[in-house]
Each structure stands twice: as structure tokens, then as C-alpha cells.
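Here's the structure we're looking at; comments come further down.
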Amino acid sequence: MITGDQLLIKQINKSIVLNTIRKKGIISRADLANITGLNKSTISSLVDELIKDGFVEEEGPGESKGGRKPIMLMINSLAGCVVGIDLDVNYILVILTDILANILWQKRINLKIGESKEDIISKMLELIDEAIKNSPNTVKGILGIGIGVPGITDYKRGVVLKAPNLNWENVELKKMVEERFNLKVYIDNEANTGAIGEKWFGGGRNAKNFVYVSAGIGIGTGIIINNELYRGSGGLAGQMGHMTIDINDHMCSCGNRGCWENYASEKSLFQFIKERLEAGQEDDFLSGENIDSLDINDIAGYAELGSQLAIDAINEISKNLSVGIVNIVNTFNPDLVLIGNTLSGIGDMLIDAVKQYVKEKCLVSRYNDVAIEISKLGMLERAIGAATLVISEVFSYPGL
């Protein structure tokens, strides 16, 4: 009779084997045994089950070190598909991936600031339905749906507790989506999904401790400590966009005054430009433009062409972003800070200014180097991270 403990150990070993194959890309049974420390008969049994489950496939013979050529193993990326959603204040991005986060289909639609909760959710459900209809035939079908939301979430219950920039409160999003599609649904803060995506598939793969800064309409952070997402006691950690920079300044959408995102977000960059133009500053490129119709890429392009106002705005926001990053580095002493979301589209102008400011102002970085980089996954990072909420479950509990 197999006891519960034995089943648990088997499940853990199965996950270890599957993740080792994923990390190595292609590997033999013998090398799996050497790396995992499991005996060859256990490896053979677990691999046979993973092949039967559809998660692993035999690639063919590898190089021989003497004797018979080993049969090489790899992940069957099309064991199933996953839907990942980056729900932001002014857009929805939905992707369909395989279990290695390779994108099979994607679609993005823009939202108007202030759209109703009902309209936004309706549009998101339509996009999910479209993603599912575009999925290929796979062994397991659609394995689940992951959603990143710009706000405080109860990730266990799948409830959006508060999303200030969407004006949402206590929205049972997981329940709504599960009832519509009858699939497993995972909800998390979008900065957490960005950090998870970077850890599994992006620039954070080799960093044990790093902080992902999602700098868009607002600012959020996803914190990886000892290779794990840090959630805090109630699962709400990472709301550093709402740390106070100036207690006497204007009100933030969260109800506090002087929050970091009031100074260093996409929203604050455009506010800077509008205020300068309204004060009478002339600019060869931006004077007369409808600022509300522009995006970050437009501003970065004007700056490259020599727009002094665009350059001033980028310098101001870069400095303000740096203030928060100095606090992050002094607090967490990470190996790496990754900057993502729309502000990352500014590129070198932003990152060079941040690096210089941190070098000059950060106490911890004087004694311990910290790498500061733009996200490797670009604007797909949070959608990929949302998909990874599902993918990580698959690799933790294969076959269940």
C-alpha cells in the first residue's frame, strides 16, 4: 500500500525531474540521475510517467561517451496552453503560450482612462475567448488563465482588493472568469507577475535577489528574495509606488500624499510636459501637439530629435525614479533592479540617468554593486508573468 507520505515524495521528485529537464533544455536519463541524486530506476519510472502524461518527449540519440548513445529528453512545450493577461489602466494585453512561455498568439486593445469596471471585464472576457479559440490541439488543452492587475490583490482568493488607478475595490475577478470558462484562474498584482516572468524566463533567471520595478501609469514592485517572490504576511508586499516621498505634496489616488508614483510614473511625465506648456514654454516639437494622443515612445523619439522639453521631462522623471530605486537598494540590497512597463521604452536615456544617480546617492551600492537594467521581456513581461502563474503550478504538480 502506498502511503500519503510516499505519494508526496513521488510528486516532489517528479517536479524535480521535470524542472531539471526544463532548465537544461535537453538531457539524458543518466545525467538526470547525476544532477538530481535520484537513482536510475526512480528516474526511469518518473520519466516514463512524464512521457505518458505528455509533459516530456524523447528527442533522439545524443552523443555517446562510450557504449550506447543515450536517448535525450526534452519538455514537450505543447503539452498544453496557457492564457496570460496584462490588465493595465489604459490597455489589455492577452497572450496564449505553450508551457515554456513561447507566445503562440497575442492581442492588445487600448482602454480609455476611466472606463467602467463592467466594460473592462467584458472586453477582457472577449479577448480570453478569442485566445482559447486560437489555441492549437494539445495533450492537456488549456491549463489555466493568469491575470496581472494594477492594484492590491488577495492572490489566494483571486480578489482585487483595491486598484486605485482603475477605481476598483473588492472585485471577485477570479470567480467571474472561472465561472465563464470553467478553467483554473490565478490573479496577482501586475508587478508580481512581472517579477515572476523575469525570474522564470527573463533577466532575473540568474539573480537570487532582485526587484522588478513596474513603471507605467503607476508604479509597483515585485520582490524576489532567495529565488522566491516575497509576499509579506498578508500577501500584499511590493506597494512601493505608494511610499511617501513628500508628505506635504498633492494627493495620490491611494488616498495618501506625496507617493513615489506621483513623481516618477508615465502619468507624472506627461503632467510635467503639460504644466510646462501651460506655463508658456515653447518647444519646436511639442508646442501645438495634442499631448493626450502621445505615448512614451513618442516622447522618447522627440527627445532623440532634440526636443528640449522632452529631454527635460525624461531627466526629471529619471531623477525621481532614481530616488525610489535608491530606497529599494538601501532596503533590500538586491543583486539586480529591473525596470519594466512603459517607462522602460525610454531606453538608454532613462537607464543611464538612473545608474548615475544611484551611484552618487545610494549608500549600499558603494559597498556592494547592484546591476540596474531594462526588462529583457519588454512590454510582454507582465503577460508572460501572468501565464507563469499557471506554468509554475504545472511544473510544481505535474500530472495533477
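Bear in mind that the values here come from a model prediction, so they are computed numbers and not experimental data.
- Val171 places a side-chain heavy atom less than 4.5 Å from the side chain of Ile121.
- At a threshold of 4.5 Å between non-hydrogen side-chain atoms, the residues Ile145 and Lys184 do not count as touching.
- Of the charged side-chain nitrogens involved, none lies within less than 4.0 Å of a carboxylate oxygen, so that Arg205 and Glu198 do not count as a salt-bridged pair.
- By the 4.5 Å heavy-atom criterion applied to side chains, Val364 and Val370 are not counted as neighbours.
- How far CD of Glu57 is from CD1 of Ile51: 9.0 Å, rounded to the nearest 0.5 Å.
- Going from atom CG of Leu87 over to atom CD1 of Ile85 covers 8.0 Å, rounded to the nearest 0.5 Å.
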Verdict with reasoning, Asn330 to Ile328, per side-chain contact (heavy atoms from CB on, under 4.5 Å): CA-CA 6 Å; Asn330 282 337; Ile328 287 170; over 6 Å; no
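- Judged by distance alone, with hydrogens and angles left aside, the side-chain atoms of Ser265 form a donor-acceptor pair with the main-chain N or O of Ser268 at under 3.5 Å.
- Judged purely by distance below 3.5 Å, without hydrogens or angles, the side chains of Tyr263 and Glu316 never pair a donor atom with an acceptor atom.
- Put simply, Leu321 and Val326 are part of the same group of oily side chains (I, L, V, M, F, W, Y) that touch within less than 4.5 Å, one to the next.
- For residues 106-128, every residue pair satisfying the salt bridge (charged side-chain N to carboxylate O under 4.0 Å, His left out) rule, not counting sequence neighbours, is listed here: Lys107-Glu130, Glu115-Lys123.
- The shortest non-hydrogen separation linking Leu389 to Glu393 is O-CG, 3.5 Å.
- Side chains of Lys267 and Glu261 form a contact here, defined as non-hydrogen atoms less than 4.5 Å apart.
- The residue from Asp284, Asp283, Asp312 that alone fulfils the side chain to side chain donor-acceptor pair (under 3.5 Å) condition with Ser307 is Asp283.
- Taking the side chain as every heavy atom from C-beta outward, Leu286 and Leu294 approach each other to under 4.5 Å.
- Judged by distance alone, the side chain of Ser45 and the main-chain N or O of Ser41 form no donor-acceptor pair under 3.5 Å.
- Counting heavy atoms of neighbouring residues, nucleotides and ligands inside a 6.0 Å radius, atom CG of Asn39 exceeds 12 of them.
- Across all non-hydrogen atoms, the minimal contact from Asn341 to Tyr212 is N-OH, 3.7 Å.
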Leu78 and Leu104: CA distance, side-chain angles, deciding distance, side-chain contact (heavy atoms from CB on, under 4.5 Å) verdict: CA-CA 10 Å; Leu78 285 177; Leu104 307 175; 4.1 Å; yes
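- Side-chain atoms of Asp53 never come within 3.5 Å of backbone atoms of Phe55 as a donor-acceptor pair (strictly under, hydrogens ignored).
- Of the possible donor and acceptor atoms, none in the side chain of Ser15 sits under 3.5 Å from a partner among the backbone N and O of Gln11.
- In this model, a donor atom of one side chain and an acceptor atom of the other lie less than 3.5 Å apart for Asn256 and Thr244.
- Summarising the geometry of Ser77 relative to Leu100, their closest heavy-atom pair is CB-CD1, 3.9 Å, with the distance given to 0.1 Å.
- Under a cut-off of 6.0 angstrom, the local environment of NZ in Lys361 is sparse, with at most 12 non-hydrogen atoms contributed by other residues, nucleotides or ligands.
- Under the 4.5 Å side-chain heavy-atom criterion for ILVMFWY residues, no single connected hydrophobic cluster contains both Ile374 and Met379.
- Here Leu343 contributes atom CG and Leu269 contributes atom CG; the two are 6.5 Å apart, rounded to the nearest 0.5 Å.
- In this structure, Ser375 and Ile339 have side chains that are not in contact, with every pair of non-hydrogen atoms separated by 4.5 Å or more.
- Follow the hydrophobic side-chain contacts under 4.5 Å out from Trp260 and you reach Ile372 in the same cluster.
- In plain terms, the two heavy atoms of Ala79 and Ile99 that are nearest each other are CB-CD1, 3.9 Å.
- Scanning all heavy atoms of the two residues, the minimum distance from Ile273 to Ala313 falls at CG1-CB, 3.7 Å.
- Under the 3.5 Å distance criterion, the side-chain polar atoms of Asp88 are left unmatched by any main-chain donor or acceptor of Tyr91.
- For the pair Asn90 and Asn110, the minimum side-chain heavy-atom distance is 4.5 Å or more.
- Note: Asn206 CG to Leu336 CG = 10.0 Å, rounded to the nearest 0.5 Å.
- Not one N or O on the side chain of Asp129 forms a donor-acceptor pair closer than 3.5 Å with the backbone of Leu125.
- Here Ser396 pairs with nothing under the side-chain hydrogen bond (donor to acceptor under 3.5 Å, both in side chains) rule; sequence neighbours left out.
- When only modelled atom types and interatomic distance are considered, Asn209 and Asn333 share no side-chain donor-acceptor pair under 3.5 Å.
- If you chain together hydrophobic residues whose side chains sit under 4.5 Å apart, Ile75 and Leu73 fall into the same group.
- A distance-only check finds a donor-acceptor pair linking the side chain of Thr36 to the backbone of Leu32 [under 3.5 Å].
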Evaluation steps, side-chain contact (heavy atoms from CB on, under 4.5 Å), between Phe210 and Asp335: CA-CA 6 Å; Phe210 74 89; Asp335 309 310; 5.6 Å; no
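- Heavy atoms of other residues, nucleotides or ligands lying less than 6.0 angstrom from CG of Asn167 number 12 at most.
- Under the 4.5 Å side-chain criterion, counting only non-hydrogen atoms from C-beta, Pro150 is not in contact with Ile217.
- Between the side chains of Thr153 and Asn189, no donor N or O sits under 3.5 Å from an acceptor N or O.
- A salt bridge between Asp154 and Arg157 is present, with a side-chain N of the basic residue lying under 4.0 Å from a carboxylate O of the acidic one.
- Contacts classified as salt bridge (charged side-chain N to carboxylate O under 4.0 Å, His left out) and involving residues 213-236 (residues at least two apart or in different chains) are given here: Asp188-Arg231.
- Using modelled atom types, one finds no donor on one side chain facing an acceptor on the other under 3.5 Å when comparing Asn315 with Ser318.
- At least one donor-acceptor pair under 3.5 Å links the side chain of Lys199 to the backbone N or O of Ala207.
- Both Leu350 and Met240 sit in one connected hydrophobic cluster of ILVMFWY residues. Membership requires side-chain heavy atoms under 4.5 Å apart, directly or through other members.
- Counting only residues at least two apart or in different chains, salt bridge (charged side-chain N to carboxylate O under 4.0 Å, His left out) contacts with residues 294-308 are absent.
- Salt bridge status for Lys52 with Asp48: absent, with no side-chain N to carboxylate O gap under 4.0 Å.
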Step-by-step side-chain contact (heavy atoms from CB on, under 4.5 Å) determination, Leu229 to Ile223: CA-CA 6 Å; Leu229 181 69; Ile223 304 161; 5.6 Å; no
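- Between Ile95 and Ile384, the shortest heavy-atom contact is CD1-N, 3.7 Å.
- Residue pairs meeting the salt bridge (charged side-chain N to carboxylate O under 4.0 Å, His left out) criterion with at least one member in residues 367-390, sequence neighbours excluded: Asp86-Arg382, Glu190-Arg382, Glu373-Lys376.
- Rounding to the nearest 0.5 Å places OG of Ser287 at 4.0 Å from CD of Glu282.
- A search for side-chain hydrogen bond (donor to acceptor under 3.5 Å, both in side chains) contacts involving Thr138 returns nothing, not counting sequence neighbours.
- In this structure, the side chain of Glu178 engages the main chain of Val185 through a donor-acceptor pair within 3.5 Å.
- Ion pairing of Lys274 with Asp292 is present here, as a side-chain N (NZ or NE/NH1/NH2) and a carboxylate O approach within less than 4.0 Å.
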